[in-house]
Amino acid sequence: MLIWPLPALLTWALAWACFLGLRAAGLGLLPAFLLALLVGGALAWTGRTPWRRLFMLAGFPLSVLASGAAGALPAWVWLLPLLLLLALYPLGSWGDAPLFPTPSAALDGLAGAAPLRVGAVVVDAGCGLGAGLTALHRQYPQAQLLGWEWSWPLALWCQLRCRFARVRRADIWAQDWSACDMVYLFQRPESMPRAMEKASAELRPGAWLVSLEFAAPDFKPTARLETVPGKPVWLYQSPLRRR
């Protein structure tokens, strides 16, 4: 855990070291640049927020451009960081929350507040890199855990990380929630009305909608937890009750 901006500085330095080392070894400008960009991109995944990951990714190519070392690179190369960003955040997901991992202790006590049967279907809707699935697995080790994620690189990474769950690329708004015993969300305030409308229409009686941090102002929560300061967990049991 390094203090920001040390992760960005180290990422840029390692990408430059890779680039210069490959050039010194006789590799051409373009392949050396692309390989160094891949190194920087891999390190950027460790950033704690989307903006930090973007800064960590963009620093090396922008510094290459500013230094004049990119004079012989074709113009299309500069589209690669944008294409990588679009792969991580496809256009269809821009209205949803960006990648904000669930804090490891945020769901502590959830199983006590919302007990589920053995084999219950628990979905992390927008599972990202799997932090929420990991927290749900600790609470419900005997549940059937599903992860839905629209970004295919994030879904692939989550599949590799969360072997205890079934993770697939899916649009959370197009999926049928009626078979779920619990749907967990870490969305944004603007998308909560849509989530509550879908939950009201599809969740069967007794099923749960769990939202980290953001409440649904028009609905009465069944319970509220807060084990991480500033990250309350709002629980709504179907049939959802309006205020």
Side-chain angles (χ1 to χ4, degrees), residues 1 48-49 96-151 154-173 175-189 191-192 194-196 198-200 202-216 219-241:
M1 302 294 292
R48 297 182 61 185
T49 68
D96 297 331
L99 181 61
F100 290 126
T102 298
S104 60
L107 302 186
D108 286 358
L110 180 59
L116 297 177
R117 61 181 174 83
V118 174
V121 177
V122 178
V123 174
D124 184 348
C127 57
L129 295 175
L133 279 173
T134 301
L136 288 167
H137 184 53
R138 287 198 301 269
Q139 292 296 304
Y140 302 105
Q142 295 180 310
Q144 299 180 58
L145 290 175
L146 308 179
W148 297 337
E149 173 56 53
W150 186 237
S151 168
L154 297 182
L156 178 59
W157 193 305
C158 189
Q159 286 174 357
L160 297 173
R161 182 183 180 191
C162 300
R163 300 298 180 91
F164 51 81
R166 286 183 291 160
V167 179
R168 62 189 179 92
R169 183 176 182 268
D171 180 354
I172 65 172
W173 308 112
Q175 298 303 300
D176 183 3
W177 293 9
S178 62
C180 304
D181 294 289
M182 177 180 286
V183 175
Y184 168 69
L185 297 167
F186 188 7
Q187 272 290 317
R188 58 196 303 176
S191 55
M192 284 306 296
R194 186 180 185 185
M196 299 307 287
K198 186 171 178 64
S200 297
E202 297 183 11
L203 287 183
R204 58 176 178 247
W208 296 87
L209 179 74
V210 178
S211 173
L212 177 61
E213 190 168 344
F214 303 114
F219 291 84
K220 295 180 180 179
T222 306
R224 178 185 183 276
L225 306 172
E226 188 168 353
T227 56
V228 175
K231 298 289 184 183
V233 178
W234 303 89
L235 288 76
Y236 303 89
Q237 189 170 28
S238 182
L240 307 184
R241 299 174 299 163

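How far CG of Leu110 is from CD of Gln139: 5.5 Å, rounded to the nearest 0.5 Å. Between the CH2 atom in Trp234 and the CG atom in Leu225 there is a gap of 10.5 Å [rounded to 0.5 Å]. Glu149 contributes atom CD, which lies 8.5 Å from atom CD1 of Ile172 (distance to the nearest 0.5 angstrom). With values rounded to the nearest 0.5 angstrom, Ser238 atom OG is found 9.5 Å from Leu209 atom CG. In this structure, the separation between CE on Met192 and CZ on Phe219 is 9.0 Å, given to the nearest 0.5 Å. Here SG of Cys180 is found 4.0 Å from CH2 of Trp148. Values are rounded to the nearest 0.5 Å.
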Take Leu146 and Val121 through the side chain to side chain contact (heavy atoms under 4.5 Å, CB included) test and state the conclusion after the steps.
CA-CA 7 Å; Leu146 308 179; Val121 177; 3.8 Å; yes
Please determine whether side chain to side chain contact (heavy atoms under 4.5 Å, CB included) holds for the pair Leu133 and Phe164, giving the CA-CA distance in whole Å, both sets of side-chain angles, and the decisive distance to 0.1 Å.
CA-CA 9 Å; Leu133 279 173; Phe164 51 81; 4.2 Å; yes
Carefully, step by step, assess Gln175 and Arg168 under the rule side chain to side chain contact (heavy atoms under 4.5 Å, CB included).
CA-CA 12 Å; Gln175 298 303 300; Arg168 62 189 179 92; 2.6 Å; yes
Chi angles and distances behind the side chain to side chain contact (heavy atoms under 4.5 Å, CB included) call for Cys158, Leu129:
CA-CA 5 Å; Cys158 189; Leu129 295 175; 5.7 Å; no
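For the pair Val233 and Glu226, the minimum side-chain heavy-atom distance is 4.5 Å or more. Side-chain contact between Leu203 and Tyr236 is absent, with no heavy atoms from C-beta onward closer than 4.5 Å.
In the displayed structure, Arg166 atom CZ is contacted under 6.0 Å by at most 12 heavy atoms of other residues, nucleotides or ligands.
Side-chain atoms of Arg204 never come within 3.5 Å of backbone atoms of Trp177 as a donor-acceptor pair (strictly under, hydrogens ignored). Checked by atom type and distance alone, the side chain of Arg163 pairs as donor or acceptor with a backbone atom of Leu160 at under 3.5 Å. The backbone N or O of Gly206 sits less than 3.5 Å from a side-chain atom of Gln237, completing a donor-acceptor pair. At distances below 3.5 Å, at least one donor-acceptor pair connects side-chain atoms of Thr134 with backbone N or O atoms of Gly130.
Remark: Lys198 fails to qualify as a cation-pi partner of Trp173 under the 6.0 Å distance and 45° angle criteria applied to the six-membered ring.
Annotation for Val183 and Ala125: closest pair CG1-CB, 4.0 Å, computed over non-hydrogen atoms. Across all their heavy atoms, Ala106 and Thr227 have their closest contact at O-OG1, 3.3 Å. When all heavy atoms are compared, the tightest approach of Ala105 to Val228 is C-CG2, 3.8 Å.
Among Leu235, Val210, Leu145, Asp124, the one residue that satisfies the side chain to side chain contact (heavy atoms under 4.5 Å, CB included) test with Met182 is Val210.
Side chains of Thr102 and Tyr184: a donor on one and an acceptor on the other come within 3.5 Å. Using modelled atom types and a 3.5 Å distance limit, the side chains of Arg169 and Gln159 yield no donor-acceptor pair.
In this pair, Phe214 and Phe186 present their aromatic rings tilted. The plane angle is within the 30 to 60° band.
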